[in-house]
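Keep in mind that the numbers below use all heavy atoms, side chains included, and drop hydrogens, waters and symmetry copies.
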Amino acid sequence: MKVNKVKTTLLVGVIMTLFVASAMAVNPTKTDAIDPFFTLVFKTNGGGVRPDYGNFLKQHCARIGINIDVIVQDWPTFVGELIAFRDFDVCYVGLSGGGADPDFTGVYDENGSLNLFGYHTSMDWNDDLGTGENEWYMVQGNLIMPPDSEERVQHYWAWQQYFMDKICPMAPTYSPRAYTALWATLDGYNYTNGILQSWGLMDWTTAHTGQVSTNELVIRDAAWSDLNPLFQDDTSSSFISSATMDPLIWYDADLTVWPHLAESYTMINDTWMRIVIRQGIEWPDRGLFINQVFDVDDVYFTLYAWAEVSNDQHLWSWVKDMVKLDQYTLDLFIDGDPSTEANDPYAPFLPSLSTRILPEHYLNQTQLADGMTPDITHPSWNTFATDCFGTGVFEISGFTEGVETVLSVNTDSWRLDPVVTADPALDWATRFGYGSGWAGMNNMVIRIIPDQQTALLEFEAGKIDIVGITWNPDKRDELIADPDFDVQDDTTYSFGFFGHNMREVRPVIGNRDPAPGDPSLSIGLCIRKAINYALDRFEINNVIHRGEYAISDTPLYPKMGIWNNPNIIRYNFDIDKAREYMTKAGYDLGWTPTTPGFTMLVAFTSIMAIATITYLIVKKRK
């Protein structure tokens with residue numbers, strides 16, 4: 001018994017020795033503020049949480065010897081600061097609006113009107129390229145064809161890595177999440193894909209409290225204004241026209257491109273696309289127009305109308321010419337720079353083909369004197385603006401001003417035709433549903449309820465089936481905990497960032513002199529990297545946003561799916577990395593390379609412990 005007690009005591013001693021030695025050898029990194037080496041100016045606009053972001057920046061940068069003067073301005077003054085005066089070192093801004101193409105010309109190129117960072121080709125000039133490397137990436141991205149090719153995806157991945165590692169003009173922060181609540185008895189709804197793509201996959205498992213019919217889905221929206229896509233400027237109108245009409249090509253949520261009304265689209269060369277129209281599709285009957293077939297005339301008319309009479313004609317200047325080869329084939333000629341004689345490639349044109357196709361036979365009844373441009377004063381245009389129709393799965397079956405719009409499934413729609421949708425290139429059953437013998441809901445009721453609180457009360461009473469809940473996090477928590485409901489979320493087409501002013505007039509953050517500790521880097525680049533690593537975005541997210549915002553790492557919207565580089569450099573909080581780059585920049589923080597793991601002290605005590613245990617085992621055997 002005494003021997004066992006001795007061995008137990010020795011083993012406890014060995015364990016304690018290892019613990020103490022480890023604690024002595026692994027010194028925790030101190031992150032207290034230190035005397036600043038210099039001061040940087042941070043500016044943003046007041047309202048919301050941006051001033052709080054500035055205060056966190058000040059706290060985090062104090063750990064690496066950078067003092068931050070936080071200046072909060074009213075919105076007009078701040079906009080003038082970004083565009084004209086630029087008297088700041090760091091700012092906080094956000095980008096929003098979305099888009100299906102990764103071309104951010106105008107933001108990240110030298111002459112971009114939103115180049116608040118001050119990127120200039122002299123920063124990364126390459127004699128072989130005859131320009132800055134970042135500028136080359138931006139230009140080349142618009143020239144690679146086809147626009148949705150893997151080559152172009154890889155090009156933008158390479159650009160993002162280069163931009164964030166070698167230029168480092170920003171510290172991306174967050175993309176807000178949007179939340180929607182629905183009754184749990186609704187099966188098949190996918191918030192990311194949206195109601196329209198989910199429709200053929202949705203149905204009710206059983207009725208919920210307050211529900212009038214399981215043959216309909218009831219949602220809420222604001223009042224619509226104009227149902228003609230050519231003149232729309234609100235999402236409520238756009239949703240209804242998207243429900244009733246179809247595009248040539250379809251973008252899934254991850255921005256993968258699929259053929260839709262177009263059976264195929266092929267680049268003959270870099271400025272010439274051939275579009276083959278899907279056959280077997282008809283327009284709904286309207287008045288005297290019956291049994292009208294969807295064909296190349298509708299496509300030609302739609303693209304021409306966008307370029308000549310829409311509110312967005314400037315977005316269609318790339319259309320050089322169109323030639324109808326036959327009833328189902330259109331050649332589209334592209335010119336990205338009309339100022340030159342030759343046609344120039346322009347890859348960002350492709351998302352334009354996801355526009356909704358208009359009925360030429362109905363809207364092109366009369367033309368102007370040129371015999372080409374449609375006469376938009378014809379009564380059909382006014383009718384279409386309030387009672388649109390198309391090849392989509394829905395048609396407008398009812399409307400009460402200020403109350404609701406009712407959409408009903410068009411049972412003759414090609415989307416429900418198993419012969420047309422059997423095309424394997426569509427992967428229809430997986431993406432849209434509508435399987436054999438489909439018997440889903442037939443109606444969608446869009447109630448006009450602008451007020452969010454009123455909509456929420458109606459939802460809880462069972463009078464609405466889906467409602468946005470982003471604005472009320474406390475109620476969202478209640479609904480998540482309630483088994484009668486389901487809450488889904490998705491990132492939005494927006495993201496914010498700390499923008500670095502890299503102009504040489506900023507003596508520290510824009511300093512282009514070689515870094516004393518690493519001449520391959522500039523002092524300014526080292527400072528920008530140090531700031532990025534010093535920022536604890538997760539802490540800020542947890543404190544301000546309940547940890548709910550999506551962390552952003554790329555210079556694109558996180559929602560841009562396949563275009564975002566999954567292996568991009570990530571500036572996650574790392575105080576040692578921050579101090580390393582400060583030291584390289586010539587600001588000695590006492591940083592030296594550290595090797596985690598066992599030090600000599602731990603190694604020595606480990607050897608002694610092993611020797612002691614071995615002695616006890618050998619002694620027992622004797």
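Residues T386 and N382 bring no donor and acceptor atom of their side chains to less than 3.5 Å of each other.
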Just list the side-chain donor-acceptor pairs under 3.5 Å for residues 186-195, sequence neighbours left out, or say none.
residue, atom, partner, partner atom, Å
N190, OD1, T192, N, 2.9
N190, OD1, N193, N, 3.0

Could you pull out all donor-acceptor pairs under 3.5 Å where a side-chain atom in residues 286-296 meets a protein atom, sequence neighbours excluded?
residue, atom, partner, partner atom, Å
D295, OD1, D297, N, 3.1
D295, OD2, Q327, NE2, 3.4

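Each salt bridge (charged side-chain N to carboxylate O under 4.0 Å, His left out) pair with one or both residues in residues 330-339, not counting sequence neighbours, appears once here: R274-D331.
For W224 and F399, the distance between ring centers is under 6.0 angstrom. A centroid separation of less than 6.0 Å is found between the aromatic rings of Y362 and F389. Residues F104 and Y557 place their aromatic rings such that the two centres sit under 6.0 Å apart.
In this structure, the side chain of R152 engages the main chain of P147 through a donor-acceptor pair within 3.5 Å. R356 places no side-chain N or O within donor-acceptor distance of the main-chain N or O of S241, the cut-off being under 3.5 Å.
Taking CD of E460 as the reference point, atom CD of E458 lies at 10.5 Å (rounded to 0.5 Å). The OG1 atom of T405 lies 7.0 Å from the CD1 atom of I396; values are rounded to the nearest 0.5 Å. With values rounded to the nearest 0.5 angstrom, T271 atom OG1 is found 10.0 Å from F349 atom CZ. One distance of note links CD1 of I357 with CG of L261; it measures 6.5 Å at 0.5 Å rounding.
Between S408 and F394 the shortest side-chain heavy-atom distance does not fall below 4.5 Å. Counting only heavy atoms from C-beta outward, the side chains of Q211 and E216 never approach each other to under 4.5 Å. Residues W272 and I334 form no side-chain contact, since every pair of their non-hydrogen atoms from C-beta on lies 4.5 Å or further apart. Put simply, the side chain of F495 reaches to within 4.5 Å of the side chain of P558, judged on heavy atoms.
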Candidate pair F432 and W250, rule ring-ring contact (aromatic ring centres under 6.0 Å, His included), full reasoning:
CA-CA 12 Å; F432 286 93; W250 184 283; 4.9 Å; yes

Stepwise ring-ring contact (aromatic ring centres under 6.0 Å, His included) check, H155 with W136:
CA-CA 11 Å; H155 175 87; W136 176 85; 5.7 Å; yes

Hey, mind stepping through W318 and W316 against ring-ring contact (aromatic ring centres under 6.0 Å, His included) and telling me if it holds?
CA-CA 5 Å; W318 54 268; W316 293 80; 5.6 Å; yes

Full working for side chain to side chain contact (heavy atoms under 4.5 Å, CB included) between D417 and Y434
CA-CA 9 Å; D417 187 336; Y434 302 111; over 6 Å; no

Working note: Y156 + Y137, criterion ring-ring contact (aromatic ring centres under 6.0 Å, His included); need CA distance, chi angles, decisive distance, verdict.
CA-CA 8 Å; Y156 276 98; Y137 272 115; 8.7 Å; no

The test is side chain to side chain contact (heavy atoms under 4.5 Å, CB included); show your working for D221 and I219 and say whether it passes.
CA-CA 7 Å; D221 205 344; I219 63 175; 5.8 Å; no

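Figure legend: R476 and Y179 shown as a cation-pi pair, the cationic atom lying under 6.0 angstrom from the six-membered ring centre and within 45 degrees of its axis. Figure legend: K320 and F333 shown without cation-pi pairing, the cationic atom not lying both under 6.0 angstrom from the six-membered ring centre and within 45 degrees of its axis.
Smallest separation of non-hydrogen atoms from M441 and W199: O-NE1, 3.1 Å.
Ring planes of Y174 and H545: perpendicular class, angle over 60° (limits at 30 and 60°).
Between R278 and D246 there is no salt bridge, since none of the side-chain N atoms of the basic residue sits less than 4.0 Å from a carboxylate O of the acidic one.
Crowding of E341 atom CD: a count of heavy atoms from other residues, nucleotides or ligands under 6.0 Å not exceeding 12.
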